[in-house]
Amino acid sequence: MTPALDKRRLLRASPPDKRLGRCVQVHLDAADWAAARDAETAAGLTATPKVLSPVWFYDERGSDLFDEITRLEEYYPTRAERAILAAHSGDIARLTGASTLVELGSGTSDKTRLLIEAMLAAGHLDRFVPFDVSEETLRAAASSLAVEYGISVRAVVGDFHRHLGRIPRVGRRVIAFLGGTIGNFDPAQRQGFLGDLRGSMGDEEWFLLGADLVKEPARLVAAYDDARGVTAEFNRNALRVLNRELEADFDVDALEHVARWNATESWIEMWLRSSRGQRVRVGGLDLNVDIAEGEEIRTEISAKFTTRGIADELQRSGFAVEASWTDPAGDFLLVLARPYR
Ligand code: SAH
Ligand code: AVI
């Protein structure tokens with residue numbers, strides 16, 4: 001199942017999974033999300049240049065490919081963030097004293113185990129609330145974490161840009177947004193997201209943000225254009241998902257992966273370049289899309305930050321940085337912030 005794409009499933013909430021002895025509840029969201037996503041896709045495919053939302057990457061295969069990316073030699077962010085969490089999860093548990101850990105864009109919640117274990121050791125953690133648009137990955141992670149740690153897990157299927165308000169406000173929360181996923185938002189989305197998040201948080205709660213830092217362009221490009229071609233396949237998979245879910249007929253094999261550093265915007269861009277002209281029918285959108293030979297579709301941006309830039313953006317959105325850490329090489333940043341009035 002792709003990112004909560006089946007409208008019927010969006011309409012119901014599944015009951016707690018009693019077999020686990022703990023509450024694994026998936027709150028599914030309203031069908032209007034699919035309509036908004038489709039409208040955004042139609043607008044993106046008729047824009048110049050053509051753009052797509054990264055939401056199309058994460059069907060089951062895309063989530064597996066992302067998992068493979070995190071283990072690539074060239075893809076340093078996951079290893080760097082894991083090193084920070086290994087060194088500082090105890091500090092985070094102590095500073096926050098939080099009883100609820102929320103994780104946005106949780107995926108497999110792999111690195112999050114370090115936080116969960118530190119928060120359990122500190123004796124405060126009651127529940128974990130993973131939030132993701134990809135239902136299958138969310139369900140699998142929620143079930144195994146509930147069984148493994150014996151904590152209550154309330155998983156929420158939702159979209160960062162629409163459904164933050166559906167996250168339960170229970171206990172004293174630390175809201176983690178790891179992996180540098182904030183870099184996949186454009187500046188307006190980032191501002192909207194931080195404002196929504198701040199508006200949904202109480203003064204005693206915490207925001208833990210992982211962000212990738214600016215570095216030499218060659219390393220950045222290699223991280224998004226690995227030698228084995230895993231990222232290329234991850235990129236093309238977005239259009240395989242579109243073909244399946246929106247009854248489209250993109251010739252995916254004629255689309256070449258391109259990753260480039262945009263120094264002006266301070267972000268990596270991923271594109272798919274068509275090696276031939278193609279007229280694509282997108283039945284689900286009742287749309288024909290003409291793609292010229294050599295034309296590129298932008299599928300993702302991944303912004304890279306400075307420590308100062310992140311602190312300023314957080315400040316402008318109503319958060320004050322309480323602590324921040326990098327890995328020993330200074331590749332990745334983890335920031336612990338709290339709302340100010
Ligand atoms: N946090 C994990 C996974 C990062 S991959 C890590 O650090 O490794 C990005 C995750 O964000 C995926 O699990 C994907 O399904 C989710 N995601 C992408 N777009 C989303 C959206 N619009 N709303 C909610 N989740 C989204
Ligand atoms: C999820 N996100 C932080 C990843 C990134 O690095 O921007 C997605 C990704 N795209 C290509 N490789 C990894």
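Read the numbers this way: they start at 1 and go in the same order the structure lists the ligands and their atoms. Here the structure is a predicted model, which means the values were calculated and not measured. Residue numbers start at 1 and run along the sequence shown.
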> Looking only at protein heavy atoms, which one is nearest to atom 10 (N) of ligand 2, and what is the separation?
Glu300 OE1, 2.6 Å
> Considering non-hydrogen atoms of the protein only, which is the closest contact for atom 2 (N) of ligand 2, and what is the distance?
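Result: Asn184 OD1, 2.9 Å.
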> Show me which atoms of ligand 2 lie under 4.0 Å from any heavy atom of Gly179.
3 (C)
> Apply the side-chain hydrogen bond (donor to acceptor under 3.5 Å, both in side chains) test between Glu313 and each candidate in Arg190, Arg308, Gln191; give the one that qualifies.
Arg190
> Just checking Glu73: does its CD atom have more than 12 heavy atoms from other residues, nucleotides or ligands closer to it than 6.0 angstrom?
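Count not over threshold, so no.
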> Work out whether the distance between some heavy atom of Gly158 and some atom of ligand 1 is less than 4.0 Å.
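Flag set, Gly158 near ligand 1.
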> Tell me, please: is Thr181 in heavy-atom contact with ligand 1, that is, under 4.0 Å?
yes
> Identify, for atom 7 (O) of ligand 2, the protein heavy atom at the shortest distance, and state residue, atom and that distance.
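Checked against all protein heavy atoms, atom 7 (O) of ligand 2 sits closest to Ser302 OG, 2.6 Å.
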> Would you say ligand 1 has an N or O under 3.5 Å from any N or O of Val55?
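In fact, backbone or side chain, Val55 has no N or O that close.
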> With heavy atoms of Gly180 as the reference, note each atom of ligand 2 found under 4.0 Å away.
3 (C)
> Does Lys111 have a heavy atom less than 4.0 Å from any atom of ligand 1?
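Yes, that is the case, since the closest heavy atom of the residue is under 4.0 Å from the ligand.
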> How far apart are the C-alpha atoms of Asp290 and Lys50, what are their side-chain angles, what is the distance that settles it, and do they pass the salt bridge (charged side-chain N to carboxylate O under 4.0 Å, His left out) test?
CA-CA 10 Å; Asp290 287 314; Lys50 296 179 172 57; over 6 Å; no
> Going by the side chain to side chain contact (heavy atoms under 4.5 Å, CB included) test, name the single residue among Ile182, Val321, Thr181, Leu334 that passes it with Leu209.
Ile182
> So which protein heavy atom does atom 12 (C) of ligand 1 come closest to, and at what separation?
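Residue, atom and distance for the closest contact: Asp132 OD2, 3.5 Å.
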> In terms of side-chain heavy atoms, does Thr112 have a donor or acceptor partner in Glu103 at a distance below 3.5 Å?
yes
> Which protein heavy atom lies closest to atom 1 (N) of ligand 1, and at what distance to 0.1 Å?
Gly105 O, 2.7 Å
> Please answer: with hydrophobic residues joined when any side-chain heavy atoms are less than 4.5 Å apart, are Leu52 and Trp267 in the same cluster?
no
> Output the list of atoms in ligand 2 that are nearer than 4.0 Å to some heavy atom of Thr181, sorted by atom number.
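Under 4.0 Å from Thr181, ligand 2 has these atoms: 1 (C), 3 (C).
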> Show me which atoms of ligand 1 lie under 4.0 Å from any heavy atom of Phe66.
3 (C), 4 (C), 5 (S), 8 (O)
> Determine, using ring centers only, whether Phe234 and Tyr58 are less than 6.0 Å apart.
yes
> Take the angle between the ring planes of Tyr75 and Tyr224 and call it parallel below 30°, perpendicular above 60°, tilted in between.
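Ring orientation of Tyr75 relative to Tyr224: perpendicular.
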> Check each atom of ligand 2 against the heavy atoms of Met270 and keep those under 4.0 Å away; list them by number with element.
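Heavy-atom distances to Met270 below 4.0 Å select 11 (C).
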> For Ser134, take its heavy atoms, then give the atoms of ligand 1 lying under 4.0 Å from any of them.
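Here the atoms of ligand 1 in question are 15 (O).
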> Tell me whether Thr78 reaches ligand 1 (any heavy atom closer than 4.0 angstrom to a ligand atom).
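It does not; every heavy atom stays at 4.0 Å or beyond.
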> Determine the sole option in Asp331, Asp327, Asp212 for which the side-chain hydrogen bond (donor to acceptor under 3.5 Å, both in side chains) test with Tyr76 is passed.
Asp212
> Counting heavy atoms only, which of Phe160, Phe185, Phe177, Phe193 comes nearest to atom 26 (C) of ligand 1?
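The nearest heavy atom belongs to Phe160.
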> When the ring planes of Phe193 and Phe160 are compared, do they come out parallel, tilted or perpendicular, using 30° and 60° as the limits?
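Phe193 and Phe160: perpendicular rings.
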> Under 4.0 Å from a heavy atom of Gly107: give me the atoms of ligand 1 that qualify, with their elements.
13 (O)
> Using a 3.5 Å cut-off on N or O atoms only, is His161 in polar contact with ligand 1?
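No.
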> Need the ligand 1 atom indices (1-based, order shown) with element for anything under 4.0 Å from a heavy-atom of Gly179.
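Near Gly179, meaning under 4.0 Å from one of its heavy atoms, ligand 1 has 7 (O).
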> Which heavy atom of the protein is the closest neighbour of atom 4 (C) of ligand 2, given with residue, atom name and distance?
Tyr75 OH, 3.5 Å
> Do Phe66 and Leu220 share a hydrophobic cluster (ILVMFWY, side-chain heavy atoms under 4.5 Å, transitive)?
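Yes, Phe66 connects to Leu220 through the hydrophobic network.
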> Please report which non-hydrogen protein atom sits nearest to atom 22 (N) of ligand 1, along with the residue it belongs to and the distance in Å to one decimal place.
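Looking only at protein heavy atoms, the one closest to atom 22 (N) of ligand 1 is Asp159 OD1, 2.9 Å.
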> Show me which atoms of ligand 2 lie under 4.0 Å from any heavy atom of Tyr58.
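Listed by number with element: 1 (C), 8 (C).
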> Would you give the length of the straight line joining atom CE of Met119 to atom CD1 of Ile92, rounded to the nearest 0.5 angstrom?
9.0 Å
> Within a radius of less than 6.0 Å around CZ of Arg219, do more than 12 heavy atoms belonging to other residues, nucleotides or ligands occur?
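Counting neighbours around CZ of Arg219, more than 12 heavy atoms of other residues, nucleotides or ligands fall under 6.0 Å, so yes.
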> Between Phe131 and His163 (judged by ring centroids, cut-off 6.0 Å), do the two rings come close enough to count as a pair?
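No, the ring of Phe131 stays outside the 6.0 Å limit from the ring of His163, centre to centre.
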> Any idea which part of Phe57 is under 4.0 Å from ligand 2, heavy-atom wise: side chain, backbone, both or neither?
neither
> Are Phe319 and Tyr340 an aromatic pair by the rule of ring centers under 6.0 Å?
no
> Heavy-atom pairs closer than 4.0 Å: do any link ligand 2 to the side chain of Trp267, the backbone, both, or neither?
neither
